[in-house]
Each structure stands twice: as structure tokens, then as C-alpha cells.
Amino acid sequence: MDFCELTTDLIDITSVARRVVPPECGATVTLDGYVRKFTKDRETLHLFYEAYEPMALKEMQKLIEHAKKDFEISNVGIVHRLGRLEIGETSVVISVAAPHRKAAFAACEWMIRELKRTVPIWKKEVYADGEVWVQGESGPPAAPSSNQEES
Amino acid sequence: MDFCELTTDLIDITSVARRVVPPECGATVTLDGYVRKFTKDRETLHLFYEAYEPMALKEMQKLIEHAKKDFEISNVGIVHRLGRLEIGETSVVISVAAPHRKAAFAACEWMIRELKRTVPIWKKEVYADGEVWVQGESGPPAAPSSNQEES
Amino acid sequence: MSVRVLFFGATAAAAGIRETYVEVADSSKVAAVTNLVIGHHPALEGHKLLFSVNQEYAERDACISDGDELAIFTAVSGG
Amino acid sequence: MSVRVLFFGATAAAAGIRETYVEVADSSKVAAVTNLVIGHHPALEGHKLLFSVNQEYAERDACISDGDELAIFTAVSGG
């Protein structure tokens with residue numbers, strides 16, 4: 001079963017990884033992104049994630065469809081946290097199950113790169129002396145391609 | 001903190017992934033291997049893993065040292081299950097935390113490949129009509145190298 | 001025609017609102033609607049803007065129809 | 001000299017034991033000890049064997065000292 005979700009609750013990695021496991025698969029690769037305490041020596045107190053929810057879910061769904069076309073994988077689960085996150089809490093989990101781990105690694109790495117580029121979610125970093133909406137690094141999305149080099 | 005463990009208890013992926021997270025890191029990549037129901041159309045009832053425990057822990061420790069030399073990663077956790085495992089249970093977890101996810105993916109993929117080649121653990125597959133100690137595919141270990149192609 | 005305009009993150013902070021409706025000529029393009037919106041919310045001017053129409057990414061020269069949903073935002077930063 | 005010999009997985013199943021002690025000439029090599037062991041446990045013959053001495057991988061021509069721990073096993077299959 002594939003799934004993508006947005007949630008304001010704490011994300012449990014194990015439960016995400018388990019839900020993508022079909023009986024014929026032997027490996028799951030899971031990317032777990034979380035709130036860093038320091039970004040370039042500036043201390044983050046907490047983060048806030050906001051999404052254009054219906055479009056974010058559509059884009060996540062597109063990522064899954066694209067990945068399943070390009071990689072030999074069985075199931076994918078993506079869960080992104082929204083709202084206020086404390087230091088160390090998981091912001092995003094992408095779990096990919098595949099018969100062979102090589103495809104799971106490749107697909108998972110491709111999906112987190114594309115998610116950061118295409119899924120309409122924004123992060124606000126809150127410091128002791130202010131806050132800032134983080135700008136994505138990758139510029140406007142073109143058609144996603146799994147052959148594309150990392151920017 | 002790095003760690004490697006052998007355990008006869010159920011492995012909780014989240015707790016492994018969490019223990020490798022230092023405050024400056026932003027991503028953890030976790031490989032979760034588990035008991036397949038089918039191998040080449042033959043149904044596995046359950047598995048049994050046996051280790052040469054002190055040597056297995058030494059070899060796992062070597063893997064971690066080697067990976068930390070070759071990849072820009074912060075912490076690594078490896079936990080391998082021993083004893084009887086039911087279908088779907090996790091046999092091995094490798095979690096790698098890194099400031100940049102690219103290194104975490106590369107190191108995690110390299111470590112599971114090397115673990116399967118060098119760490120003295122053996123798997124017995126139990127079927128309805130018999131059981132077999134699985135032979136590793138990779139032949140005798142040479143000095144591990146991160147530049148080596150997958151066999 | 002009437003277009004619903006949404007803001008998120010940095011653009012919501014700059015515009016001071018999360019949502020508005022604007023009246024524009026039929027067959028207006030994203031660029032025309034955006035210029036009108038920037039006229040009302042000049043703090044948007046400094047931002048490199050991205051767009052979606054009905055929850056699909058769109059370029060500045062994309063056409064907009066009556067009842068469409070235009071979102072104006074900056075480069076995404078999830079993950 | 002006395003060498004402790006350990007078996008695991010397929011070799012333990014073939015030998016029917018997990019551990020034994022053998023007496024061999026001083027400075028014997030892994031190959032000599034292994035041949036002696038196979039003599040006692042001929043079911044080991046069919047297996048492609050790997051070795052460790054004192055928990056480090058070793059080749060057939062590695063020397064063994066009194067009190068060493070030799071493990072005889074097949075290609076590992078963990079993970």
C-alpha cells in the first residue's frame with residue numbers, strides 16, 4: 001500500500017516503515033528528516049511547517065507514481081509533519097520497500113530530493129531574536145526527472 | 001553515539017534511528033531488512049539467525065570505523081537480530097545520521113552490502129518440508145573497500 | 001471574472017493575508033492577476049514568486065478562468 | 001599445541017558439534033588443522049570453508065599458535 005499524509009502529530013518512523021512492507025519484499029529504506037538545532041551556527045528554538053495541503057498531497061502522490069515508474073520498488077510511504085516542531089522531532093519520513101535494496105536506496109534518495117523541490121510546504125525557523133520563512137534552494141520546479149543531477 | 005548490537009529481542013526501528021541523531025544533523029537514513037515470506041516461490045515459515053558473536057561485534061565495529069573514515073557521517077547504529085524470527089520481523093537495522101543526506105544514503109548502502117559480506121552471522125530458512133543454512137553470495141571477504149562495485 | 005488568490009509562508013507574511021478574491025478581465029494571465037495583487041500588497045514585490053493554478057504549478061503566462069484558484073508563494077522548503 | 005575449533009551454521013550442522021579441541025604440531029597452519037578436523041568430521045568436506053583465527057578472518061596458510069581460537073564456517077548470510 002502506498003500512502004502520503006500530512007499530520008500535526010508526532011511521526012513514528014517504525015509505523016511508517018512497516019506499512020509499506022509487502023510479503024515479497026526484503027528491504028525498506030527510510031529517510032528521516034528532523035529539526036536541526038543549529039543552522040550555520042544560529043540556534044533554532046523551534047520550527048513551523050505550513051502546507052498548501054491539497055496541492056501538497058497531489059504533488060506527493062505524483063512523486064510516488066513517478067518513482068514507481070522509474071524504480072523497481074513495491075510500496076512507498078511519505079508522511080510530512082505540519083505545525084510547530086520541537087528540536088529533534090521528525091519533519092518528514094519517506095519509506096520505500098523493494099525486493100532489492102539498491103532500488104529502495106535510489107528511489108528514496110530521489111524522492112526526498114524531489115519532495116524538497118516540488119511539494120508546496122514551507123518551513124519557518126524561529127530563533128531567540130526573530131524568525132524567518134526559509135526559501136527553497138532549488139528554484140521553481142521543472143518537470144521532475146529521476147535522471148537529473150542534484151542541485 | 002555509534003553502537004552495534006546483537007539482540008534476540010524485537011528491533012524497534014525508531015529507537016535505533018533516534019539514538020544516532022546528534023543535534024547538528026539533519027537526516028537519518030535507515031535500512032530495515034526483514035524476513036521475507038517467499039524466496040523464489042518457496043514459502044518460508046520462519047528464520048533462525050546465528051552469530052559468532054564476539055567476532056560479529058568486532059566486524060560491525062570495523063564497518064562503522066571504515067564508514068566514518070570514508071563518508072561524511074556523524075553517527076551509525078547497527079542492530080542485528082539473532083535467534084528465531086517470524087515473517088515480517090526486522091532482522092537488521094542500520095541507521096546513519098549525517099549533516100547531508102547524500103552521505104547518509106551512500107554510507108548506509110555501503111554498510112549493508114559489507115555487513116552481508118563480512119559479519120559472521122548465518123541465516124537458516126525453515127520451510128514446511130525442511131530447512132537450509134543459507135550460503136552467502138559474495139564469497140570470502142577481502143579487505144572492505146567503499147570503492148568496490150556491488151557483486 | 002473572479003479569482004481566488006491564496007498565500008502561504010513568506011507571501012502570507014508579506015501580504016498580511018492568507019486569501020483574497022480579485023476581479024480581473026476574462027482570460028487574464030497569471031502575470032496580470034499577480035500584478036494587481038502586488039499593487040494591493042506591495043510587500044510581495046521583493047520576493048521571487050512561484051504560482052499554481054488549481055493546485056498545479058503554472059507559469060506567469062498561464063491563462064486563468066473564472067472561479068480558478070491561484071496560489072502565490074516562494075520556493076518551497078519542506079522536508 | 002592445543003587449538004580450540006568453533007563451528008557455526010552449516011559447519012556446525014555438518015560436524016554435529018559446535019566446538020572441539022585438537023592437538024596439532026607447533027606452528028601448524030590453518031590448512032593442517034582443518035584437514036585434521038575434516039578427518040574427524042567428513043561431512044565438512046563438501047563445503048566451501050572460511051576461517052578466522054582469534055576472531056579475525058584468516059587464510060589457509062595462516063599460522064596458528066597454542067591456545068588460538070580457530071573458527072570454521074561457510075560464507076556469511078546475515079542481513
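Below, chains carry the letters A, B, ... as their sequence lines are ordered, and counting in each starts from 1.
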### Task
Go through B/Arg81, B/Lys62, B/Lys124 and name the one with the most non-hydrogen pairs under 4.5 angstrom from chain D.
B/Lys62
#### Entry: Greater than 12 external heavy atoms within 6.0 Å of B/Lys58's NZ
yes
#### Entry: Per-residue contact mode, D/Ala10 against chain B (heavy atom under 4.5 angstrom)
both
### Query
Given a strict heavy-atom distance threshold of 4.5 Å, which part of B/Ala51 is in contact with chain D: side chain, backbone, both, or neither?
backbone
### Query
What are the two closest heavy atoms between B/Thr118 and D/Val76, and how far apart are they?
N-CG2, 4.0 Å
### Query
Do D/Ser52 and B/Tyr52 come within less than 4.5 Å of each other through their side chains, counting heavy atoms only?
yes
#### Entry: B/Glu50 portion near chain D, given a 4.5 angstrom heavy-atom threshold
side chain
### Set of ring pair (Phe, Tyr, Trp, His ring centres under 6.0 Å) partners for B/Tyr49, sequence neighbours left out
B/His80
Considering only distance and modelled atom types, tabulate donor-acceptor pairs under 3.5 Å from the side chains of residues 30-38 of chain D, sequence neighbours left out.
residue : atom : partner : partner atom : Å
D/Thr34 : OG1  : D/Val30 : O            : 2.8
D/Asn35 : ND2  : D/Ala31 : O            : 3.3

#### Entry: Part of B/Val134 lying under 4.5 Å from any heavy atom of chain D
both
### Task
Find the one option among B/Ile121, B/Val132, B/Val93 whose heavy-atom pairs under 4.5 Å with chain D are most numerous.
B/Ile121
#### Entry: CZ-CH2 distance between D/Phe73 and B/Trp133, expressed to the nearest 0.5 angstrom
13.5 Å
### Side-chain donor/acceptor of D/Ser77 to backbone N/O of B/Trp122, under 3.5 Å
no
### Query
For B/Glu72, does the CD atom have more than 12 heavy-atom neighbours from other residues, nucleotides or ligands under 6.0 Å away?
no
